[in-house]
*Asks:* 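Structure below; questions to follow.
These numbers come from the heavy atoms of this one structure, side chains and all, not from hydrogens, waters or symmetry mates. Along the sequence shown, the residues carry numbers beginning at 1.
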Amino acid sequence: QVTFVESGGGLVQPGGSLRLSCAASGSIVSIYAMGWYRQGTGKQRELVATITTGGTTNYADSVKGRFTITRDNAKNTVYLQMNSLKPEDTALYYCNTAGYAVYWGQGTQVTVSS
């Protein structure tokens, strides 16, 4: 089974940017849709963005226009470019298939604060 390791999180001021990376342990070329999820303290995990093998993307309304998801199948990596960050973006960010997912990585923490 393919596992995912997230990285790139950190502390950033409001209005700043971060680029998250999701490194897969194996090929993701056969995974039709990959997604980024996030879970804030005391909140449910939510799907933030998805991308298909063909490059079709979809975003949650809360991040639309600010976040961009991309994938590099050759590198087995999915990225999330986050711009104009807001305090409400603070969460633990995970990547996984956009479909049914059973196993989750450790995630990477994003904290937006001044």
Side-chain angles (χ1 to χ4, degrees):
Q1 291 185 350
V2 176
T3 58
F4 305 99
V5 179
E6 302 90 347
S7 63
L11 175 64
V12 64
Q13 294 185 354
S17 298
L18 283 174
R19 182 177 173 86
L20 306 184
S21 296
C22 170
S25 63
S27 177
I28 63 169
V29 69
S30 296
I31 302 177
Y32 176 68
M34 288 291 299
W36 280 96
Y37 304 75
R38 69 184 182 187
Q39 185 169 26
T41 301
K43 299 181 180 297
Q44 296 185 55
R45 182 185 295 117
E46 65 173 332
L47 183 60
V48 174
T50 63
I51 184 168
T52 69
T53 55
T56 300
T57 59
N58 194 27
Y59 300 92
D61 288 341
S62 59
V63 307
K64 193 172 299 181
R66 300 187 297 118
F67 290 12
T68 302
I69 184 172
T70 57
R71 66 191 288 173
D72 188 336
N73 291 334
K75 295 182 180 293
N76 297 322
T77 304
V78 183
Y79 305 95
L80 185 68
Q81 178 66 47
M82 305 184 295
N83 299 323
S84 302
L85 284 163
K86 305 174 180 179
E88 51 262 44
D89 294 320
T90 296
L92 189 62
Y93 284 72
Y94 305 88
C95 68
N96 216 317
T97 67
Y100 180 71
V102 176
Y103 303 103
W104 298 84
Q106 294 297 106
T108 185
Q109 178 68 39
V110 172
T111 302
V112 184
S113 176
S114 59

*Asks:* Can you name the closest pair of heavy atoms from Gly40 and Ala91 and give their distance?
*Replies:*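 Closest pair (atom of Gly40, atom of Ala91, distance): N-CB, 3.7 Å.
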
*Asks:* Rounded to the nearest 0.5 Å, how far does SG of Cys22 lie from CG of Asp72?
*Replies:*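 Asp72 CG to Cys22 SG: 12.0 Å, rounded to 0.5 Å.
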
*Asks:* Do the side chains of Gln106 and Tyr94 get nearer than 4.5 Å, heavy atoms only?
*Replies:*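 No; the side chains remain at least 4.5 Å from each other.
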
*Asks:* Roughly how far apart are Leu92 CG and Gln39 CD, rounded to 0.5 Å?
*Replies:*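 Interatomic distance, Leu92 CG to Gln39 CD, rounded to 0.5 Å: 7.5 Å.
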
*Asks:* Give me the atom names and distance for the closest heavy-atom approach of Asp89 to Ser84.
*Replies:*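 Result for this residue pair: OD2-O, 4.4 Å.
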
*Asks:* For Tyr79, does the six-membered ring have the charged nitrogen or CZ of Arg71 within the cation-pi criterion, i.e. under 6.0 angstrom from the centroid and within 45° of the normal?
*Replies:*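 Because its charged atom misses either the 6.0 Å distance or the 45° angle limit, Arg71 does not stack over Tyr79.
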
*Asks:* Taking all non-hydrogen atoms of both residues, which atom of Gln1 and which atom of Tyr103 are closest, and how far apart?
*Replies:*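 So the two residues come closest at OE1-CE1, 3.0 Å.
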
*Asks:* Please report the interatomic distance CZ(Arg38) to CD(Gln109), rounded to the nearest 0.5 Å.
*Replies:*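 CD of Gln109 is found 11.5 Å from CZ of Arg38.
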
*Asks:* Roughly how far, to the nearest 0.5 Å, is CG of Leu11 from OG of Ser114?
*Replies:*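 If we round to the nearest 0.5 Å, Ser114:OG and Leu11:CG are 9.5 Å apart.
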
*Asks:* Linking directly or through intermediates, with side-chain heavy atoms under 4.5 Å: list the remaining ILVMFWY members grouped with Val78, chain and number order.
*Replies:*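 Val2, Phe4, Val12, Leu18, Leu20, Ile28, Ile31, Met34, Trp36, Val48, Ile51, Tyr59, Val63, Phe67, Ile69, Leu80, Met82, Leu85, Tyr93, Val110, Val112, which link up through side-chain heavy atoms under 4.5 Å apart, make up the rest of the cluster.
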
*Asks:* Kindly determine whether Ser17 and Asn83 satisfy side-chain hydrogen bond (donor to acceptor under 3.5 Å, both in side chains), including the steps that lead there.
*Replies:* CA-CA 4 Å; Ser17 298; Asn83 299 323; 2.9 Å; yes

*Asks:* Check whether any side-chain N or O of Thr90 sits under 3.5 Å from a backbone N or O of Thr111 as a donor-acceptor pair, and report yes or no.
*Replies:*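 No; zero donor-acceptor contacts below 3.5 Å.
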
*Asks:* Could you tell me the separation between the OG1 atom of Thr53 and the OH atom of Tyr32, rounded to the nearest 0.5 Å?
*Replies:*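 Reported to 0.5 Å precision, the distance equals 6.0 Å.
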
*Asks:* Any chance you could lay out the side-chain hydrogen bond (donor to acceptor under 3.5 Å, both in side chains) test for Thr3 and Ser25, step after step, and finish with the verdict?
*Replies:* CA-CA 5 Å; Thr3 58; Ser25 63; 3.1 Å; yes

*Asks:* Taking the side chain as C-beta and beyond, is there a heavy-atom pair between Ser62 and Glu88 under 4.5 Å?
*Replies:*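 Not in contact.
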
*Asks:* Could you state the interatomic distance from NZ (Lys75) to OG (Ser27), rounded to the nearest 0.5 Å?
*Replies:*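 These two atoms lie 14.0 Å from each other.
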
